[in-house]
Amino acid sequence: MSIDPNLLDDLNARGLVHDSTDATRLAERLASSPVRAYVGFDPTADSLHVGNLVGLLMLRRLQDAGHNVIVLAGGATGMVGDPSGKSAERSLLDDEQLAANISGILPQLQQFLDFDSTDNPATLLDNRAWTVGFSYLDFLRDVGKFVTVNQMVAKDSVRSRMESSDGISYTEFSYMLLQAYDFAWLFEHEGCEMQMGGSDQWGNIVTGMDLIRKKVGGSAYGLTWPLLTRSDGSKYGKTAGGETIWLSAEKFSPYAFYQSWIRIEDAEIEKLLLQLTLMPVADVHAVMSEHAEAPHKRVAQTRLAVELTTLVHGPEATAGAQEATAAVFGGSVADLSADALAMLAMELPTFNASREVLGSEGALVPLLSESGITASNSEANRLLKQNGVSINDVKVPTDHVIHSADLLHGRFALVRKGKKHLSLVVFDQP
RNA sequence: GGGUCGGUGCCCGAGUGGCCAAAGGGAGCGGACUGUAAAUCCGCCGGCUUCGCCUACGGAGGUUCGAAUCCUCCUCGGCCCA
């Protein structure tokens, strides 16, 4: 397979290069022959989240351009915790949790890359393989000796934590060495010449390159991408409500995933299309100019949502999310067919309720809190008072009594909190 | 080990005996305006059987008519000294 000589230009055009080792040399190296490169992912949870997408796609871009990529699962580093970009010490994961996390993440890592390619199949490795058997004394002699504390302390990630009131534990302080050792090991045993990561990984990557130079006598490449942030500077990967946007359909429904992209503000949309999708740069520009002509149609948001949901959850789930969206934000809820409602039941938070509450006074408030639509009766009362609840698209007052005649198809109540928060209450069969 | 300062609601952070469910900011939620956007404005933002009651200011006791505020012990953290 031939390699794409324009890879680096493409990455630059997308704004995906934050920092790299000597740009000219890197460009030459990437254009001459396939490079082996890796990105590491620590199993801090049982699913990856949106914040990991850029890294996964970076590997994909490299692979598509003809290079050899390694996905590194941080089974060992995950035990320690990376202080980079973290303001506080993290709690340690126990073995059981870690094992569960790894098994949740592995299929996600695999889904973005081609492991069966005859030319340049991707490789999946776990750094436990070369770390668990490494004794502490050996580590101090073989790795620690090559790195001075002076340079470690100078790294931003460490310094900011040393200056904070919480401090940094020796454990997290040592993280950098583990990651550096990973890079050196991969360089030596897997012919891996390049490490990529988010911009907060620069210090760790550079430490790895130093180690390679001193310990192995080789020279490696490093590249970081900018951390994805909103226009207000906050990190991505969370909903407006602060919920993490997981890639796992169990933890975050495809519908909710799709919706979170539909709601992206205009100022962000081009950057996200460039950095989070595989769309050619020219296509992105075309979509953006179409969007600029009629912003209220939100074609760019729709495109982003479709691209990403398809990438993460597949075309079927995307179609389902689109249908649900059309039903709920398009026409009239009252016109929904029973089939459409059954489909919505799979996409929206759903709660089963007893028909006893129908026609009974004061049943609405407890129904709202029991279904999780509101966190408490107080909140439910408050929300109703503020005119924030509608059932089947009709705003309801505090003393509203639900009657069976109000239900769609005799048993469905689509409860809307504000404009965007929807839940489906399904009543028992009559 | 000694000294010292501190631990307040989702977060930051005021409060140093009653006027404290606890200022202010942020986040969040609802409403208006819109394009399921941004900006702006208004309201809400511990719980409950909601004109009142209960739970809360690291934990446990105590002083007091009354404590987030005072005392004792414990615990956790910062800083300084050893």
Side-chain angles (χ1 to χ4, degrees), chain A residues 86-91 160-170 172 229-245 253 255-273 287-288 290-306 308-309 321-333 344 347-349 360-366 368-370 372-391 393 395-400 414-423:
Chain A
K86 296 285 185 302
S87 55
E89 186 81 10
R90 289 191 281 171
S91 49
S160 63
R161 283 280 296 279
M162 288 182 66
E163 284 163 3
S164 84
S165 60
D166 291 329
I168 179 170
S169 69
Y170 178 72
E172 287 197 13
T229 52
R230 295 175 204 274
S231 44
D232 65 3
S234 66
K235 275 201 185 181
Y236 249 93
K238 308 268 190 195
T239 62
E243 228 182 323
T244 302
I245 304 178
S253 84
Y255 167 79
F257 185 85
Y258 181 90
Q259 281 290 318
S260 67
W261 301 113
I262 284 288
R263 290 174 191 153
I264 294 293
E265 60 192 275
D266 290 11
E268 312 266 312
I269 197 77
E270 182 170 19
K271 180 177 73 187
L272 294 179
L273 283 170
V287 168
M288 286 312 296
E290 189 187 347
H291 178 79
E293 279 170 34
H296 60 280
K297 289 186 178 165
R298 301 198 320 287
V299 286
Q301 277 88 344
T302 306
R303 184 64 188 271
L304 178 69
V306 170
L308 272 174
T309 310
Q322 282 181 289
E323 281 175 55
T325 294
V328 167
F329 290 100
S332 165
V333 163
L344 271 179
E347 303 291 343
L348 299 177
S360 95
E361 298 260 340
L364 179 57
V365 167
L368 287 174
S369 53
E370 279 162 28
I373 293 167
T374 58
S376 65
N377 288 356
S378 294
E379 192 187 316
N381 276 314
R382 212 180 287 142
L383 196 67
L384 286 161
K385 208 177 295 173
Q386 293 177 133
N387 204 24
V389 179
S390 52
I391 295 177
D393 270 358
K395 291 276 185 185
V396 298
T398 307
D399 56 0
H400 181 72
L414 191 62
V415 181
R416 193 186 290 253
K417 175 177 145 193
K419 192 177 200 174
K420 310 181 276 209
H421 298 270
L422 287 136
S423 306

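Basis for what follows: all heavy atoms, side chains included, without hydrogens, waters or symmetry-related copies. Keep in mind that this is a model prediction, so the values were computed, not measured. By convention in this document, chain letters (A, B, ...) are assigned in the order of the sequence lines, proteins followed by strands, and residues within each chain are numbered from 1.
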Table please: side-chain donor-acceptor pairs of residues 293-301 of chain A below 3.5 Å, with sequence neighbours left out.
{"from": "A:Gln301", "atom 1": "NE2", "to": "A:Ile264", "atom 2": "O", "distance (Å)": "2.7"}
{"from": "A:Gln301", "atom 1": "NE2", "to": "A:Asp266", "atom 2": "OD1", "distance (Å)": "3.0"}

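In the interface, the side chain of A:Gln386 is paired with the base of B:G43 through a donor and an acceptor atom under 3.5 Å apart.
Distance check on atom C1': B:A38 versus B:G47 gives 36 Å, rounded to whole Å. Atom P of B:A32 sits at a distance of 38 Å from the matching atom of B:C54, rounded to the whole Å. The same atom, C1', is picked in B:C19 and in B:C74; the two are 34 Å apart, to the nearest Å. Taking atom P in both B:G77 and B:A23, the straight-line distance is 30 Å, to the nearest Å. Look at the P atom in both B:U63 and B:G13: the space between them is 34 Å, to the nearest Å. A gap of 26 Å separates the P atoms of B:U4 and B:C57, to the nearest Å. Nucleotides B:G30 and B:G52 are separated by 26 Å at their C1' atoms, to the nearest Å. Remark: the separation of the C1' atoms in B:G3 and B:U8 is 26 Å, to the nearest Å.
The distance from atom CZ of A:Arg416 to atom P of B:G30 is 12 Å, rounded to the nearest whole Å. Atom P of nucleotide B:A37 and atom CE of A:Met288 are separated by 17 Å, given to the nearest angstrom. Between the CH2 atom of A:Trp261 and the P atom of B:A37 there is a distance of 16 Å, given to the nearest Å.
Across every non-hydrogen atom of A:Met288 and A:Leu273, the tightest pair is SD-CD1, 4.0 Å. Nearest heavy atoms, A:Leu344 versus A:Ala324: CD2-CB, 3.6 Å. Here the shortest heavy-atom pairing between A:Leu384 and A:Val365 reads CD1-CG2, 3.8 Å.
Between A:Thr302 and A:Tyr258, some side-chain heavy-atom pair lies under the 4.5 Å cut-off.
With a cut-off of 3.5 Å on both pairing distances, B:U49 has no Watson-Crick or G-U wobble partner at all. If you check B:C70 for Watson-Crick or wobble pairing at under 3.5 angstrom, you find it paired to B:G62. Under the Watson-Crick or G-U wobble criterion, with both distances below 3.5 Å, B:G1 is paired with B:C81. A 3.5 Å limit on both hydrogen-bonding distances identifies no Watson-Crick or G-U partner for B:A14.
Looking only at distances, a side-chain donor or acceptor of A:Ser369 sits under 3.5 Å from a matching main-chain atom of A:Pro366.
Evaluation of the side-chain hydrogen bond (donor to acceptor under 3.5 Å, both in side chains) rule for A:Ser423 yields no partner, not counting sequence neighbours. Residues satisfying the side-chain hydrogen bond (donor to acceptor under 3.5 Å, both in side chains) test with A:Asn387, not counting sequence neighbours, are none. For the salt bridge (charged side-chain N to carboxylate O under 4.0 Å, His left out) test, residues two or more places apart in sequence or in another chain that qualify with A:Arg303 are A:Glu307.
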Treating primed atoms plus P, OP1 and OP2 as sugar-phosphate and everything else as base, which nucleotides of nucleotides 46-58 of chain B get B, S or - for protein heavy atoms under 4.0 Å? -SBSB--------
Taking N or O atoms only and anything under 3.5 Å, show me the protein contacts with nucleotides 32-36 of chain B, one pair per line.
{"from": "B:U34", "atom 1": "O4", "to": "A:Lys419", "atom 2": "NZ", "distance (Å)": "2.7"}
{"from": "B:G35", "atom 1": "O6", "to": "A:Asp266", "atom 2": "OD2", "distance (Å)": "3.3"}
{"from": "B:G35", "atom 1": "N1", "to": "A:Asp266", "atom 2": "OD1", "distance (Å)": "3.2"}
{"from": "B:G35", "atom 1": "N1", "to": "A:Asp266", "atom 2": "OD2", "distance (Å)": "2.7"}
{"from": "B:G35", "atom 1": "N2", "to": "A:Asp266", "atom 2": "OD1", "distance (Å)": "2.6"}
{"from": "B:G35", "atom 1": "N2", "to": "A:Gln301", "atom 2": "NE2", "distance (Å)": "3.4"}
{"from": "B:U36", "atom 1": "O2", "to": "A:Gln259", "atom 2": "OE1", "distance (Å)": "2.8"}
{"from": "B:U36", "atom 1": "O2", "to": "A:Arg263", "atom 2": "NE", "distance (Å)": "2.8"}
{"from": "B:U36", "atom 1": "O2", "to": "A:Arg263", "atom 2": "NH2", "distance (Å)": "3.3"}
{"from": "B:U36", "atom 1": "N3", "to": "A:Gln259", "atom 2": "OE1", "distance (Å)": "2.8"}
{"from": "B:U36", "atom 1": "N3", "to": "A:Gln259", "atom 2": "NE2", "distance (Å)": "3.3"}
{"from": "B:U36", "atom 1": "O4", "to": "A:Gln259", "atom 2": "NE2", "distance (Å)": "3.3"}

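Side-chain contact, A:Thr325 with A:Gln259: a donor N or O sits under 3.5 Å from an acceptor N or O.
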